[in-house]
Amino acid sequence: VQLQASGGGFVQAGGSLRLSCKARGLNFKIPAMEWYRQAPGMERELVARITSDGSTTYAESVKGRFTISRDYARRTVALQMDSLEPDDTGIYYCHTFYSREYWGQGTQVTVSS
C-alpha cells in the first residue's frame, strides 16, 4: 500500500491550496481516508476525514474553510483549503487504516501573514 501526497506550497493568508493523495495497493472503496497535519513543535492532529460512504468530519479550526473529497475512479482523496491562515502552516499527511496504518510522505504547507 502506498499513499502519495502532493500539492503543498507557499501561500499568503487568505489564499487557497489543494492537496491530493493517491492511493495504490488497496481496495480504495473500503477504508476511511484522512488528512492530518503537524505544525512545528506540535503533535500531529486530524484535520479532515471521509468515510467510504462519503461522510465527512473536520477539526473545528478548519470547518467552513477546508473540504475533503474522494475520487474513486482516480483513487485519490483531495483536501481543498480556502481562506488559509498562518496557523494552518505545517506538514500535511494523508492516512488510512487498512489492516494496519498507512501514512503518506507528507507535503509542506506554509501560510504567511
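Throughout, numbering of the chain's residues begins at 1 and tracks the sequence.
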Aromatic ring pairing W103/Y93, orientation class (parallel under 30°, perpendicular over 60°, tilted between): perpendicular
Worked check of side chain to side chain contact (heavy atoms under 4.5 Å, CB included) between W35 and M81: CA-CA 12 Å; W35 284 98; M81 306 185 294; over 6 Å; no
Whether T96 side chain and A32 backbone form a donor-acceptor pair below 3.5 Å: yes
Q105 (side chain) donor-acceptor with A5 (main chain) under 3.5 angstrom: yes
Q2, CD atom: more than 12 neighbouring heavy atoms under 6.0 Å: no
The single option from D87, D82, D88 passing salt bridge (charged side-chain N to carboxylate O under 4.0 Å, His left out) against R65: D88
Heavy-atom neighbours of E45 CD exceed 12 at 6.0 Å: yes
Ring geometry between F66 and Y92 (parallel below 30°, tilted from 30 to 60°, perpendicular above 60°): tilted
Heavy atoms of other groups near E101 CD, more than 12 under 6.0 Å: yes
Derivation of the side chain to side chain contact (heavy atoms under 4.5 Å, CB included) call for T89 and Q108: CA-CA 8 Å; T89 294; Q108 176 71 47; 4.2 Å; yes
Flag, side chain of R70 to backbone of T51, donor-acceptor distance under 3.5 Å: yes
Same cluster (ILVMFWY, side-chain, under 4.5 Å), I30 and F97: no
R75 side chain vs L26 backbone, donor-acceptor pair below 3.5 Å: yes
Side-chain heavy atoms of I91 within contact of Y36, under 4.5 Å: no
